[in-house]
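Note sheet for the following structure.
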Amino acid sequence: MVRHPLSKRANKYLRKFKKWPHSPYKTSWHHNFGEQQAIQNLKQATLEMGSSQQHQPQTRNLPYPFLLSTLLDSFKAYNCDPTPKAYYFVIKTLTNTSQLQDIPPVLDHLEHLEKFETPESILVYLIRFYGLADRVQDAVDLFFRIPRFRCTPTVCSLNLVLSLLCRKKDCLKMVPEILLKSQHMNIRVEESTFRVLIKALCRIKRLGYATEMLNCMIEDGYGLDETICSLIISSLCEQKDMTSVEALVVWRDMRKLGFCPGVMDYTNIIRFLVKEGKGMDALDILNQQKQDGIKPDVVCYTMVLSGMVAEGEYVKLDALFDEILVFGLVPDVYTYNVYINGLCKQNNVDEALKIVASMEELECKPNVVTCNTLLGALCVAGDLGKAREVMKEMGWKGVGLNLHSYRIMLDGLVGKGEIGEACVLLQEMLEKCFFPRSSTFDNIIFLMCQKGLISEATELTNKIVAKSFVPGARAWEALLLKSGSKLGYSESTFSGLLAQN
DNA sequence: ATAGGGTTAG
């Protein structure tokens, strides 16, 4: 093993055969010691700089910024050459303390006056810093400059620059140029590069470019990357302005390319289609899934079931629900809730109640959602008696009533003109800080006026105005018509109203 | 091997 004498400018960092330029075990101990002392010195000086604010020691190497001159002085004092590590430290310190103006001189020095092969990691660090600090041009410039630091850029730097460019819409146009120039820099584009690009494109919701890029990959002879396909599918499904037609085209094209979707892909596209109100398309996908031999799980079924409910496809709903059982899947609360909702939508509350009873036998506990669905259906059907029962049962069974439970029940009572009971429930709600919909308030006030409960109506109005609620036209009209001129509004009623403007 | 992905409300 060759040891380099300290006096000579031995380029011991020149990378020939190994990735890491410097192994502490292979340098002479005193050399190593000197370097360590120099670094120590540099760190100490940096700390002092931080604590003494603007004060800078006399040892300044004048044409250079403070940290660079400290670096050079420190190493000179120990009679050794500055190490990449020292530069890394300086650069990190400069970025962390926002002394960006001092970075270019450091880089110039590194480029022109040092001889070692600069580790790519230092440049990667700075490129990332520039990119994240909104200095994309600096990042790009530094990327192109990498070879001048006697460093062979790899796909790491390329991927980094690309991902930085992809973060900003107006930087996207630089991507092709970077890709072209990177070829001249002898950087081998890898699958990872495509992945970076596609991920970035998905993140900024340029799904069109992302799929184009996927096609490029395939044209370039890379195999179809299932992870990328999945990524595109899932981003696609998160897009707000994506139509189901477009999504299905991408899906179909990918399948043509040989993509074999996994459970998650099916779940994503099905969820998307159902949300778009395309229950039947979702059902198609579910059938594809079965044909592909991928057993849909209870989640997929639940989503498609809800799509059937939304489209009023009750025959298909029943068939699908049966299919779940036939395939040996166990429906859970979600599944039951969707199915029960379907029955309620068909005004078949009795059947819904039977299902709830069977859930309990199957030890699948109904939850608030189940109960709210039932409550809503019973109220719509005008069966307040059963609705009350359900509400009581919720109490026994430890199913907590939530805001919606109260709102549903209150609307049911008001709808049936049960003003007394409605007021009791309203009181209970307000104590729990659950507020009815404003239209419910209006209905209650209207109803009170109709029943001649003028003072109660006035009192309620005052109370709710104090809670920042504005009665609607219907409530005002009722109040004014019924009460003539002897209205007992307190001043606070009106000042409360005014204050809301 | 595991979790997470899914439900109601005018």
Side-chain angles (χ1 to χ4, degrees), chain A residues 230-231 233-238 261-279 282-283 285-286 289 294-312 317 320-321 323-324 327 329-349 352-353 355-356 359 364-382 387 390-391 394 399-416 422 425 429 434-444 472 474:
Chain A
S230 293
L231 178 67
I233 293 294
S234 80
S235 326
L236 191 86
C237 294
E238 281 166 12
V263 196
M264 232 24 223
D265 304 309
Y266 281 110
T267 309
N268 284 334
I269 188 101
I270 287 174
R271 187 201 308 114
F272 170 79
L273 291 170
V274 170
K275 279 204 180 117
E276 291 285 301
K278 304 287 177 194
L283 182 60
I285 300 281
L286 186 80
Q289 183 174 355
I294 296 187
K295 192 174 168 183
D297 58 10
V298 86
V299 175
C300 278
Y301 271 108
T302 304
M303 288 186 296
V304 179
L305 284 176
S306 73
M308 294 303 101
V309 175
E311 295 214 30
L317 173 70
L320 213 53
F321 191 73
E323 193 178 297
I324 295 178
F327 285 172
L329 289 169
V330 183
D332 60 12
V333 217
Y334 288 85
T335 321
Y336 280 116
N337 286 344
V338 172
Y339 189 58
I340 288 168
N341 187 34
L343 291 169
C344 291
K345 287 260 157 67
Q346 298 170 79
N347 300 317
N348 196 351
V349 190
L353 288 167
I355 298 282
V356 174
M359 279 173 77
C364 174
K365 274 192 182 168
N367 62 15
V368 220
V369 176
T370 326
C371 296
N372 289 351
T373 310
L374 288 176
L375 278 181
L378 291 167
C379 287
V380 167
V390 168
M391 222 174 158
M394 289 172 79
V399 180
L401 301 167
N402 65 14
L403 171 66
H404 297 297
S405 325
Y406 278 104
R407 283 183 172 176
I408 293 164
M409 194 62 195
L410 184 62
D411 284 343
L413 291 169
V414 173
K416 273 270 173 174
L425 195 66
M429 285 178 74
F434 283 159
F435 283 86
R437 279 187 288 266
S438 55
S439 61
T440 308
F441 272 136
D442 283 354
N443 289 339
I444 293 177
R474 188 167 138 91

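Each chain gets a letter, A, B and so on, in the order the sequences are listed, and its residues count up from 1.
Between B:dG6 and A:R271, a contact under 4.0 Å exists linking OP1 or OP2 to a side-chain N or O. For A:K345, a side-chain nitrogen or oxygen approaches OP1 or OP2 of B:dA9 to under 4.0 Å.
With hydrogens and angles ignored, no donor-acceptor pair closer than 3.5 Å exists between the side chain of A:T267 and the base of B:dG4. Between the side chain of A:D332 and the base of B:dG6, at least one donor-acceptor pair of N or O atoms lies under 3.5 Å.
Residues passing the ring-ring contact (aromatic ring centres under 6.0 Å, His included) test with A:F435: none are found, sequence neighbours excluded. For A:Y334, there are no ring-ring contact (aromatic ring centres under 6.0 Å, His included) partners at least two apart in sequence or on another chain. Contacts of A:Y339 classified as ring-ring contact (aromatic ring centres under 6.0 Å, His included), with partners at least two apart in sequence or in another chain: A:F321. The side chain to side chain contact (heavy atoms under 4.5 Å, CB included) search around A:K365 returns none, not counting sequence neighbours. Considering only residues two or more places apart in sequence or on other chains, A:D411 meets the salt bridge (Lys or Arg N to Asp or Glu O under 4.0 Å) condition with A:R437.
Scanning residues 304-311 of chain A for heavy-atom distances under 4.0 Å to DNA chain B yields an empty list.
Between B:dG4, B:dT7, B:dG6, one nucleotide has an atom nearer to the side chain of A:M303 than all others, and that is B:dG6. The side chain of A:N367 lies closest to B:dT7 when the candidates are B:dT8, B:dG6, B:dT7.
The heavy-atom pair separating A:V338 from A:V309 by the smallest distance is O-CG2, 3.8 Å.
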